[in-house]
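Inspection log for the structure reproduced underneath, given as structure tokens.
Side-chain atoms are counted along with the backbone in the values below, which use heavy atoms only and exclude waters and symmetry mates. Small disclaimer: the values here were computed from a predicted structure and weren't measured.
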Amino acid sequence: MKLSGLYLVTKDYYNRNFFNIVEESLSAGVNILQYRDKTNPYNIKIEAGRRLKNLAYKYNVPFIVDDSPVLLDILDADGIHIGKDDPPFEYIKERFPGKIIGVSTYGDINLGIKYERLGADYIAFGSFFKTSTKDDAEMCDINILNNASKFNIPVFAIGGINTRNVDELLKYKISGIAVVSAIFDAANPGEATRTFLEKLRKIL
Ligand SMILES: Cc1ncc(COP(=O)(O)OP(=O)(O)O)c(N)n1
Ligand SMILES: Cc1nc(C(=O)O)sc1CCOP(=O)(O)O
Ligand SMILES: [Mg+2]
């Protein structure tokens with residue numbers, strides 16, 4: 001499974017247009033899809049997750065869930081993304097062999113080194129720019145990405161990334177970028193996706 005390029009992380013499911021945006025981005029070539037939903041109850045998350053998984057498979061894109069091993073299990077997703085408030089890496093690694101495990105490493109290089117050693121499939125540093133999507137996101141210094149090339153697993157950047165500031169990140173040896181609102185709030189999500197991919201093609 002390709003773990004590089006443009007990583008679409010969803011907003012919380014809200015209505016059927018949610019799926020239209022995701023499919024526009026998938027058909028424009030987004031490389032990875034993650035379902036991130038902090039507010040809906042499990043019954044809604046399972047239903048929305050099933051539809052997202054089907055869309056991801058239609059476009060042959062890895063499907064990742066955020067936070068929840070229960071959702072990983074019920075949806076039989078390709079993987080999970082976890083952070084500091086989520087179930088322990090070791091538990092998920094042991095309980096779900098073969099699944100992709102991505103880890104938030106915020107602005108902490110040593111956290112990245114720790115999880116690479118533990119067997120993470122990718123790590124994500126951020127937030128590099130101001131974001132309205134994650135209330136408790138902490139800003140981190142872009143210079144941390146000078147260390148990206150030291151990792152043997154994919155390194156993603158996340159947080160407030162848009163088509164205007166992404167070039168600042170592409171100066172570093174990152175494997176890809178993860179975005180929410182730059183695609184979900186775009187007038188034309190497909191066009192925004194293509195713009196990101198065009199810029200990423202120059203470095204990947
Ligand atoms: C690729 C990627 N990076 C970071 C996150 C953040 O996840 P979230 O659950 O909002 O916060 P943490 O639990 O990681 O602190 C993500 N979902 N995906
Ligand atoms: C989900 C997430 N994680 C972050 C981190 O810093 O770990 S920032 C963030 C929100 C990203 O959304 P947008 O692209 O709309 O800024
Ligand atoms: Mg989390």
Side-chain angles (χ1 to χ4, degrees), residues 1-41 43-68 71-72 74-81 100 102 104 121-122 124 126-134 137 154 156-170 174-204:
M1 290 238 177
K2 181 174 184 236
L3 292 178
S4 63
L6 182 57
Y7 189 163
L8 176 61
V9 177
T10 73
K11 288 199 168 190
D12 294 1
Y13 167 73
Y14 47 88
N15 65 33
R16 60 171 166 270
N17 190 48
F18 170 87
F19 299 109
N20 295 336
I21 292 170
V22 170
E23 182 149 22
E24 268 190 56
S25 188
L26 285 165
S27 63
V30 78
N31 303 109
I32 310 170
L33 176 64
Q34 179 189 130
Y35 180 30
R36 175 179 180 271
D37 192 326
K38 298 293 188 179
T39 52
N40 283 300
N43 62 314
I44 300 291
K45 285 200 276 197
I46 290 165
E47 194 181 324
R50 284 195 176 120
R51 284 189 64 174
L52 289 171
K53 180 180 174 183
N54 290 338
L55 283 172
Y57 280 27
K58 179 177 170 185
Y59 294 91
N60 194 28
V61 162
F63 176 61
I64 307 293
V65 293
D66 186 34
D67 293 346
S68 168
L71 216 46
L72 171 64
I74 292 175
L75 296 177
D76 190 24
D78 295 303
I80 184 170
H81 186 92
I100 295 167
S104 287
D121 295 284
Y122 72 83
S127 185
F128 294 106
F129 306 107
K130 199 164 167 20
T131 176
S132 54
T133 302
K134 181 179 175 182
F156 286 87
I158 190 166
I161 302 174
N162 59 46
T163 52
R164 295 172 307 286
N165 62 26
V166 64
D167 291 319
E168 289 176 58
L169 295 169
L170 301 183
I174 55 175
S175 311
I177 58 166
V179 299
V180 180
S181 47
I183 290 174
F184 266 85
D185 294 346
N188 185 328
E191 200 47 48
T193 300
R194 282 184 287 275
T195 302
F196 277 121
L197 288 169
E198 194 48 46
K199 289 172 178 283
L200 281 161
R201 247 174 231 114
K202 290 181 189 132
I203 63 131
L204 290 182

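Heavy-atom minimum distance, S4 versus I32: N-CD1, 4.0 Å. Contact record, S175 with P154: OG-CA, 3.2 Å, taken as the closest heavy-atom pair. In plain terms, the two heavy atoms of N31 and L197 that are nearest each other are OD1-CD2, 3.6 Å. Taking each heavy atom of H81 and D66 in turn, the nearest pair found is O-OD1, 3.2 Å. Across every non-hydrogen atom of I44 and Y13, the tightest pair is CG2-CD2, 3.7 Å. The shortest non-hydrogen separation linking F196 to L6 is CB-CD2, 3.8 Å.
In this structure a side-chain-to-backbone donor-acceptor pair under 3.5 Å is present from T10 to R36. Between the side chain of N165 and the backbone N or O of F129 there is no donor-acceptor pair closer than 3.5 Å.
The distance from the NZ atom of K199 to the OG1 atom of T163 is 6.5 Å, given to the nearest 0.5 Å. Atoms NZ and CG, on K45 and L71 in that order, are 6.5 Å from each other to the nearest 0.5 Å. Taken from OG in S25 to CG in L33, the straight-line distance is 8.0 Å, to the nearest 0.5 Å. One finds the CD1 atom of I177 at 9.5 Å from the CZ atom of F156 (value rounded to the nearest 0.5 Å). Between the CG atom of N162 and the CD1 atom of I183 there is a distance of 11.5 Å, given to the nearest 0.5 Å. Once rounded to the nearest 0.5 Å, the distance linking CG of L170 with CZ of R201 reads 12.5 Å.
Between L8 and Q34, every side-chain heavy-atom pair lies at or beyond the 4.5 Å cut-off. Annotation: side chain of I64 is in contact with side chain of I100 (closest heavy-atom distance under 4.5 Å). Contact of the V9 side chain with the V179 side chain is not registered, since no non-hydrogen atoms from C-beta on lie closer than 4.5 Å.
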Quick one: do Y59 and E23 satisfy side-chain hydrogen bond (donor to acceptor under 3.5 Å, both in side chains)? Show the steps, please.
CA-CA 9 Å; Y59 294 91; E23 182 149 22; 2.6 Å; yes

Report the C-alpha distance between Y35 and F63 in whole Å, list the side-chain angles of each, state the deciding distance to 0.1 Å, and finish with yes or no for ring pair (Phe, Tyr, Trp, His ring centres under 6.0 Å).
CA-CA 8 Å; Y35 180 30; F63 176 61; 7.1 Å; no

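Ion pairing of D78 with K53 is absent here, as no side-chain N (NZ or NE/NH1/NH2) approaches a carboxylate O to less than 4.0 Å. Ion pairing between K38 and D67 holds under the 4.0 Å rule for side-chain N and carboxylate O.
In E191, the CD atom is crowded: over 12 heavy atoms of neighbouring residues, nucleotides or ligands sit closer than 6.0 Å. No more than 12 heavy atoms of other residues, nucleotides or ligands sit less than 6.0 Å from atom CG of N60.
Not counting sequence neighbours, the partners of Y14 by the ring-ring contact (aromatic ring centres under 6.0 Å, His included) test are F18. By the side chain to side chain contact (heavy atoms under 4.5 Å, CB included) test, A186 pairs with A192, sequence neighbours left out.
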